[in-house]
Amino acid sequence: METAELKKTIEALLFVSGKGISKKKISEITETPQEKISETVNALKQEWNSNHGVFIEEIGGGYQISTRPEYSPAILKLYPWKGVMRLSSSAAEVLSIALYKQPVTTAEINDIRGVDSSGVIATLLKNNLIKYSGRKEGPGNPRLIRINEPFYHIFGIRDVSDIPSWQELGGAEEETESEGETPGDEIAEETETNGVSDVLEDGEESEI
Amino acid sequence: METAELKKTIEALLFVSGKGISKKKISEITETPQEKISETVNALKQEWNSNHGVFIEEIGGGYQISTRPEYSPAILKLYPWKGVMRLSSSAAEVLSIALYKQPVTTAEINDIRGVDSSGVIATLLKNNLIKYSGRKEGPGNPRLIRINEPFYHIFGIRDVSDIPSWQELGGAEEETESEGETPGDEIAEETETNGVSDVLEDGEESEI
Amino acid sequence: MNGKNYIVRLDAFEGPLDLLLWLIQNNNMDIYDIEISKITAQYLTFIGARTAELDAAADFLSMATLLMRIKSSLMLPKESPEYQEAVEQQRDLSEKLMEWKKIKESRGILLEKHQSRKNFFRRDEPAAVEIDKKSTLSVFELADIFANLIRTHDKNFDTITGPEIYLEDVKADILERFKSADEIKISGMLQAFPSKLYLAVLILAILDLAHDGIASLRQEKPFAEIYLTSINGGKQALPREENYAQEVTYGNS
């Protein structure tokens, strides 16, 4: 696709989606190599990222349009309920566990925290910060919990380099390398399979 | 509000909303006279409406950002379920009644069509072409149906002046003008009170 | 532990691991080298003074039990199975403490990141604007339809028209049949409602379902029986995510 057209197509896609769209997805839609997409988005960022009320940011391995923080008072007048954004420390703990240990069961979360977490899990699910995805093989086949895409936006996590690895946490004391996956792997996989590229989830009938 | 700031605030509002916002609402949020809003949006239009994948349009008495039609194929790849809306003949009938008789009850629609229309009404409601708004005084206080804002967009109508007037209709000569209100009045009122300024309808608070 | 630490309330701790970690750090001990008898004594003193505060008493008490068991087993001869088991249990406890420590640290990072993001907004749902979603009918056609309706209505107010067959009803009917059979014979559906109108709507419904990726069509040869096969159990090809458009708000109750 020709650069000027590609730029406008990406603008249209980002606007319609609202949520992040992965580079891979944009590349598929526009039938353009991913490097060209990065290049074009960078040009778009330059164009947009000064002198406008919105900007293009990279979140959770995808691109999205976000409003500049200066205009949050106006946004909050339009959507007053968006202002209630307190995060309890227990919610942050459950999210941490989901982030580093995903996929993880409720029982495993309870075990790590040493207290029952089902209420917190229910609320996080309701708020789309985590999601159920599959079941664990074994007795009772408990449901598996994973981080959901809006998490990356809420916490402003661009990619893995934005969070310490599991090994780096805890003051880097001697490590037992029992963890098979690094959070880095998880986020990358998330983005691939369940993250920002999941734009088809909101099915709708257009024939009436 | 200073012009440059106002411009950016309106951009932030329009991008985050994704649907129309009335001039009145923007004026309230920004505490700026409506004339100043019109002026600023016109400046914004100049800026956005050339050389971008999205543009600012005036729809149903409000402003919204829309994608340029050239980029529909890309959007359809992102959301294959979006596209052309085909109306069944029964849906078209109910919609035409809602358009010219609004506000109207289900019973009145059934009466005009001579068949039960509740299924069609449910589908039109689901597709946001009509909406419930208020109740009729009288036995049972039935709910009143009105045209909903997306209708304007789907039918490519800017505002009420684009709707063929009652007098222009083929059947107009045999009409008993028992209707106290012209459809024009109705739609204008619609836009003011229940139309594009209704952006708070899906608010929800939840706590973890 | 010195006396001033007793000001700390038990509900300041998330659970027994949190308390244990605090005690260990307070004593400058290594998580992987806990002086079990010292820590056990402090743990017991601490919760002993505060049992009344305890909502989650059971959790704290079961940790106390574990600590005491490890402590007493470690006093047995090294060759005894109990001793070996206690070493194992202490090792497990260290692992859990380290895990907890990491989660606490990550919690702090997330809370901080969250705070710094509170003024950034995006739309979590697709735009209502669909420039490509246009009605195949124009508003003038809609006006004509209404004019016709009114005419018909005036002349034939009492005429009862035949039952209408709705496309969505026929589609729903097919989807219903898919619940019990993966493949439907189309002639079978017509037998139930033998009318030209039904056939016409049925064909539209089938084409729609095929178009939406819900069903596929199969015919062995021209003019042979046509079979409609469900794809994905007759479910919508595009799954709807629950609470998709919900705003994300949360708080600490």
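First the proteins, then the strands, lettered A, B, ... as listed; each starts at 1.
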To check you understand the geometry: which heavy-atom pair defines the closest contact between [X] and [Y], and what is its length?
X        : Y        : answer
A/Val115 : C/Gly15  : CG1-CA, 4.3 Å
C/His114 : A/Ile154 : CD2-CG2, 3.5 Å
A/Ile112 : C/Leu17  : O-CD1, 3.5 Å

Would you give the length of the straight line joining atom [atom1] of [X] to atom [atom2] of [Y], rounded to the nearest 0.5 angstrom?
X        : Y        : atom1 : atom2 : value
C/Glu112 : A/Leu87  : CD    : CG    : 12.5 Å
C/Asp124 : A/Glu149 : CG    : CD    : 7.5 Å
C/Glu99  : A/Arg113 : CD    : CZ    : 13.0 Å
C/Leu110 : A/Leu95  : CG    : CG    : 6.5 Å
A/Trp166 : C/Ile103 : CH2   : CD1   : 4.0 Å
C/Glu105 : A/Ser96  : CD    : OG    : 10.0 Å

Check: [X] side chain, [Y] main-chain N or O, donor-acceptor pair, under 3.5 Å:
X        : Y        : answer
C/Arg117 : A/His153 : yes
A/Ser66  : C/Arg122 : no
A/Thr67  : C/Phe121 : yes
A/Arg68  : C/Phe120 : no
C/Arg107 : A/Ile97  : no

Heavy-atom pairs under 4.5 Å with chain A: which of C/Pro16, C/Gly108, C/Ser106 has the most?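 Looking at each of C/Pro16, C/Gly108, C/Ser106 in turn, C/Ser106 comes out on top.
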
Side-chain touch C/Ile109/A/Leu169, heavy atoms, less than 4.5 angstrom: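 When only atoms from C-beta onward are counted, A/Leu169 and C/Ile109 do touch, with a gap below 4.5 Å.
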
Against the six-membered ring of A/Tyr79, is C/Arg123 placed for a cation-pi contact (under 6.0 Å from the centre, within 45° of the normal)? no

Under 4.5 Å heavy-atom distance to chain C, tell me which part of [X] shows up: side chain, backbone, both or neither.
X        : answer
A/Tyr132 : neither
A/Ile75  : side chain
A/Asp162 : both
A/Glu70  : neither
A/Glu93  : both

For A/Gln46, I'd like to know if atom CD has over 12 heavy atoms of other residues, nucleotides or ligands within 6.0 Å. no

